[in-house]
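Scroll down for the structure; my scribbles are underneath it.
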Amino acid sequence: QVRLVESGGGLVQAGGSLRLSCAASGRTFSMPAMGWFRQAPGKEREFVASITWSAGNTLYADSMKGRFTISRVNAWNTVYLQMNSLKPEDTAVYYCAAAHRIISPISEYDYWGQGTQVTVSS
C-alpha cells in the first residue's frame, strides 16, 4: 500500500508560479515512478509529468514542457511539480500517482492522492 498526499495548490494570478508537493508513504519502494496528472472541470484527467525515484529520469507531456518541472527528494519521499507562467487553462485539480515505471497512461498508475486544487485567475 502506498499513501500519497498532495499539497501546495491555491489561487494564483496568470503569469504566476506554484509548487505542488506530493508526500509518499508506505511501500514506496514497490512503485519506482511517480507522476502528476490534472483534471479540469468537464475534462478527462490528463498526464502532466513523471519521474523515477532512483535516477530522477523524467517524462513530460508535450504541452507541459518548458513551464512545468517535476523533481523529487528521495530522503523526504516527496515529489514536486514546479509550475511557472501559469495560465487560466491550467486551472484543474492536480493529482500525484505512483506507478511501476515511468510512463504516461493513466491506467498504469496504481495509487493516487486526493488531489489539490489549482486556480489561475486572468
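Keep in mind that what you see is a predicted model, and the values were worked out from it rather than measured.
At least one donor-acceptor pair under 3.5 Å links the side chain of E6 to the backbone N or O of G115. Looking only at distances, a side-chain donor or acceptor of T52 sits under 3.5 Å from a matching main-chain atom of N57. The closest donor-acceptor contact from the side chain of N74 to the backbone of W53 lies under 3.5 Å. In this structure, the side chain of T116 engages the main chain of G9 through a donor-acceptor pair within 3.5 Å.
Among pairs with a residue in residues 10-26, those fulfilling side chain to side chain donor-acceptor pair (under 3.5 Å) read S17-N84, at least two apart in sequence or across chains. Pairs engaging residues 63-107 under the ring pair (Phe, Tyr, Trp, His ring centres under 6.0 Å) rule: none recorded [sequence neighbours left out]. Residue pairs that meet the ring pair (Phe, Tyr, Trp, His ring centres under 6.0 Å) test with at least one member in residues 12-51, sequence neighbours left out, are F37-F47, F37-Y109, F37-W112.
When every heavy atom of L11 is checked against every heavy atom of S121, the shortest pair comes out as CD1-CB, 4.3 Å. Heavy-atom minimum distance, S50 versus I102: OG-CG1, 3.4 Å. Taking each heavy atom of A40 and A92 in turn, the nearest pair found is N-CB, 3.7 Å. What you find for I70 and M34 is that their closest heavy atoms are CD1-O, 4.1 Å. Between S30 and V2, the shortest heavy-atom distance links the atoms OG-CG2, 4.2 Å.
One distance of note links CD1 of I51 with SG of C22; it measures 11.5 Å at 0.5 Å rounding. Between the CD atom of Q117 and the CD atom of Q39 there is a distance of 11.0 Å, given to the nearest 0.5 Å. Between S54 atom OG and R72 atom CZ the span is 7.5 Å, to the nearest 0.5 Å.
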Report the C-alpha distance between L20 and M83 in whole Å, list the side-chain angles of each, state the deciding distance to 0.1 Å, and finish with yes or no for side chain to side chain contact (heavy atoms under 4.5 Å, CB included). CA-CA 8 Å; L20 306 183; M83 305 185 295; 3.8 Å; yes
Between V79 and S71, is the side chain to side chain contact (heavy atoms under 4.5 Å, CB included) condition met? List the steps. CA-CA 6 Å; V79 175; S71 61; over 6 Å; no
Evaluate the criterion side chain to side chain contact (heavy atoms under 4.5 Å, CB included) for residue pair L86 and L18; output intermediate values, then yes/no. CA-CA 8 Å; L86 284 163; L18 276 177; 4.2 Å; yes
Run the side chain to side chain contact (heavy atoms under 4.5 Å, CB included) check on R38 and V118 step by step: do they pass? CA-CA 9 Å; R38 69 182 187 182; V118 171; over 6 Å; no
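Put simply, the side chain of E46 reaches to within 4.5 Å of the side chain of M64, judged on heavy atoms.
In this view, E89 satisfies the salt bridge (charged side-chain N to carboxylate O under 4.0 Å, His left out) rule with no residue, not counting sequence neighbours. Taking the salt bridge (charged side-chain N to carboxylate O under 4.0 Å, His left out) definition, one finds that R3 meets it with nothing, sequence neighbours left out. Residues passing the side-chain contact (heavy atoms from CB on, under 4.5 Å) test with S63 are A61, sequence neighbours excluded.
Enclosure of atom CD in E44 is not indicated, since only 12 or fewer non-hydrogen atoms of other residues, nucleotides or ligands lie within 6.0 angstrom.
Cluster annotation: L59 and I106 are assigned to the same hydrophobic cluster (Ile/Leu/Val/Met/Phe/Trp/Tyr, side-chain heavy-atom contacts under 4.5 Å, transitive).
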